Amino acid sequence: MRLATWNVNSVKQRVPRLLPWLDERRPDVVCLQETKLTDDAFADLLGEALTERGYAFASNGQGQWNGVALLSKVGLDDVQRGFADMPGFPDAEARAISATCAGLRVHSLYVPNGRVPDSDHYRYKLAWLEALRASVAGGPERVALCGDANIAPTDADVFDPVAYQGHTHVTVPERAALKSLTDLGLHDVVRERWPDERVFSYWDYRAGMFHQNLGMRIDLVLADAVTAGRVRAAWVDRQARKGTGPSDHAPVMVDLDEAPDGDIGPMVPPPSAGGYRRGSKKLPQSK
DNA sequence: ATGTCACTGGTTCAGTGA
């Protein structure tokens, strides 16, 4: 199963990139963020194109800002918009949607930006993450938190730590909030696959940042241990950041071995596994 | 000295958010 997450920075503006990308990469489950459309507008814009490609979909949008969505070819059950005790600013914002796809509880998340350290919006970001942690702690074991975390987990996830001093995305409390999520037993699957590589998922539009590869890794897939053990490949689709009219974020792609029952079971490499194993040194071990 | 992009309101540009 191929899982992807992409902050599209307006799905309306991104249609000419999104649909060819779906056809090229053929992800089974897609988490979108910053759709910036109401649910009705999302369905009007993309419903037909998604249906003919075999996707079920659900969105949680509000128009103008925010907005998240899930697309799935492998089931989309028990859709939940938001999560328990999710804080607002001051009202609830469209930043979370989750559903069960082939036994995996998939969350598409757009974590608040925080704007300025110690601001009201920053405190909102931390409170939002804590409520998410509590919600996930009480939720299903097979889970993947996917989306724009608006936090670079470590200094290795920014092009220049000095450039971000005093800014959001790298502060100690934000990283602690992220760690409280991974302390639930979740794995940052892209970093685990590429422990020493320079991997970014976001590059500012300004000043040729992408061209110079001056970015941040703030789009994450955090998966439970069993699901992380199914990871065959995990990478950032930099192609989607190139060319005309890209988002400022690139998609994060994760390929999982099949687990029809949500149970890892005895692991046998699929015949096609070799083609996906770029960078991997060993196959996941069954217990 | 934020160099771009996307949104809105209410008109072709300024303010806001990222």
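The sequence lines fix the lettering, A, B, ..., with proteins before strands; numbering per chain opens at 1. Computed from a predicted structure; not experimentally measured.
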**Student:** Between B:dA6 and A:Arg14, is there an OP1 or OP2 to side-chain N/O distance shorter than 4.0 Å?
**Tutor:** yes

**Student:** Let me spell it out: for each of A:Asn7 and A:Gln212, pick the nucleotide of DNA chain B with the closest heavy atom. Which residue's pick is nearer the 5' end?
**Tutor:**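 On the 5' side of the pair lies A:Gln212.
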
**Student:** How far does the P atom of B:dA14 sit from the matching atom of B:dG3, given to the nearest Å?
**Tutor:**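 B:dA14 and B:dG3 have their P atoms separated by 15 Å.
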
**Student:** Pick the closest DNA chain B nucleotide for A:Glu34 and for A:Tyr205 by heavy atoms, then say which residue is nearer the 5' end.
**Tutor:**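 Between the two, 5'-proximity favours A:Tyr205.
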
**Student:** Any chance you could measure A:Gln13, atom CD, to A:Glu34, atom CD, to the nearest 0.5 Å?
**Tutor:** 12.5 Å

**Student:** Can you tell if the side chain of A:Val30 reaches within under 4.5 Å of the side chain of A:Arg25, non-hydrogen atoms only?
**Tutor:** no

**Student:** Excluding sequence neighbours, so at least two apart, what forms side-chain contact (heavy atoms from CB on, under 4.5 Å) with A:Pro161?
**Tutor:**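 Once residues adjacent in sequence are excluded, the partners of A:Pro161 under the side-chain contact (heavy atoms from CB on, under 4.5 Å) criterion are A:Asp155, A:Val158.
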
**Student:** Rounded to whole angstrom units, what separation is found between the CH2 atom of A:Trp203 and the C1' atom of B:dA18?
**Tutor:** 16 Å

**Student:** Please state the P separation for the pair B:dC5 and B:dA1 - nearest whole angstrom.
**Tutor:**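 My reading of the P atoms in B:dC5 and B:dA1 gives 23 Å.
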
**Student:** Would A:Thr171 and A:Tyr122 count as a side chain to side chain donor-acceptor pair (under 3.5 Å) if you check the C-alpha gap in whole Å, the side-chain angles of each, and the deciding distance to 0.1 Å?
**Tutor:** CA-CA 10 Å; A:Thr171 68; A:Tyr122 179 87; 2.7 Å; yes

**Student:** When rounded to the nearest Å, what value does the distance between P atoms of B:dG10 and B:dA6 take?
**Tutor:**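 About 23 Å, rounded to a whole number of Å.
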
**Student:** How many Å lie between CG on A:Asp204 and P on B:dG3, as a whole number?
**Tutor:** 10 Å

**Student:** Does either side chain, that of A:Thr5 or that of A:Gln33, offer a donor lying less than 3.5 Å from an acceptor on the other one?
**Tutor:** yes

**Student:** Which residues pass the salt bridge (charged side-chain N to carboxylate O under 4.0 Å, His left out) test with A:Glu130, sequence neighbours left out?
**Tutor:**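 Once residues adjacent in sequence are excluded, the partners of A:Glu130 under the salt bridge (charged side-chain N to carboxylate O under 4.0 Å, His left out) criterion are A:Arg133.
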
**Student:** CZ of A:Arg17 versus P of B:dA6: gap in Å, rounded?
**Tutor:** 12 Å

**Student:** Nearest whole angstrom, please: distance from the P of B:dG17 to the NE2 of A:His249.
**Tutor:**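 Rounded to the whole Å, the gap is 17 Å.
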
**Student:** Heavy atom of residues 109-116 of chain A under 4.0 Å from DNA chain B: which residues?
**Tutor:**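 Those residues are A:Tyr110, A:Asn113, A:Arg115.
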
**Student:** Measuring only the C1' atom in each nucleotide, how far is B:dT2 from B:dA18? A whole number of Å is fine.
**Tutor:** 12 Å

**Student:** With A:Phe42 as reference, evaluate A:Asp44, A:Leu45, A:Asp40, A:Leu46 under the side chain to side chain contact (heavy atoms under 4.5 Å, CB included) test and give the passing residue.
**Tutor:**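 Result: among A:Asp44, A:Leu45, A:Asp40, A:Leu46, A:Leu46 is the only option passing the side chain to side chain contact (heavy atoms under 4.5 Å, CB included) with A:Phe42.
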
**Student:** Write down the distance between NE2 (A:His121) and P (B:dT16), rounded to a whole number of angstrom.
**Tutor:** 15 Å

**Student:** Which residues satisfy the side-chain contact (heavy atoms from CB on, under 4.5 Å) test with A:Arg241, sequence neighbours excluded?
**Tutor:**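 Only A:Trp203, A:Tyr205, A:Phe210, A:Pro246, A:Asp248, A:Ala250 meet the side-chain contact (heavy atoms from CB on, under 4.5 Å) criterion with A:Arg241.
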
**Student:** Give me the distances for all protein-to-nucleotides 7-13 of chain B N/O pairs that come in under 3.5 Å?
**Tutor:**
unit_1: B:dC7; atom_1: OP1; unit_2: A:Ser10; atom_2: OG; d: 2.5
unit_1: B:dC7; atom_1: OP2; unit_2: A:Gln13; atom_2: NE2; d: 2.9

**Student:** Would you kindly give the CZ-to-C1' distance between A:Phe89 and B:dG17, to the nearest whole Å?
**Tutor:**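 Nearest whole value for this atom pair: 12 Å.
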
**Student:** Atom OG in A:Ser247, atom CG in A:Leu32: separation rounded to 0.5 Å?
**Tutor:** 10.5 Å

**Student:** Report the residues that fulfil side-chain contact (heavy atoms from CB on, under 4.5 Å) with A:Ala163, sequence neighbours left out, ordered by chain and then residue number.
**Tutor:**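 In terms of side-chain contact (heavy atoms from CB on, under 4.5 Å), with neighbours along the sequence ignored, A:Ala163 is linked to A:Phe159, A:Asp160.
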
**Student:** Rounded to the Å, how far apart are A:Asp219 CG and B:dA18 P?
**Tutor:** 15 Å

**Student:** To the nearest angstrom, how far is A:His167 atom NE2 from B:dT2 atom P?
**Tutor:**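 Going from A:His167 (NE2) to B:dT2 (P), I get 11 Å.
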
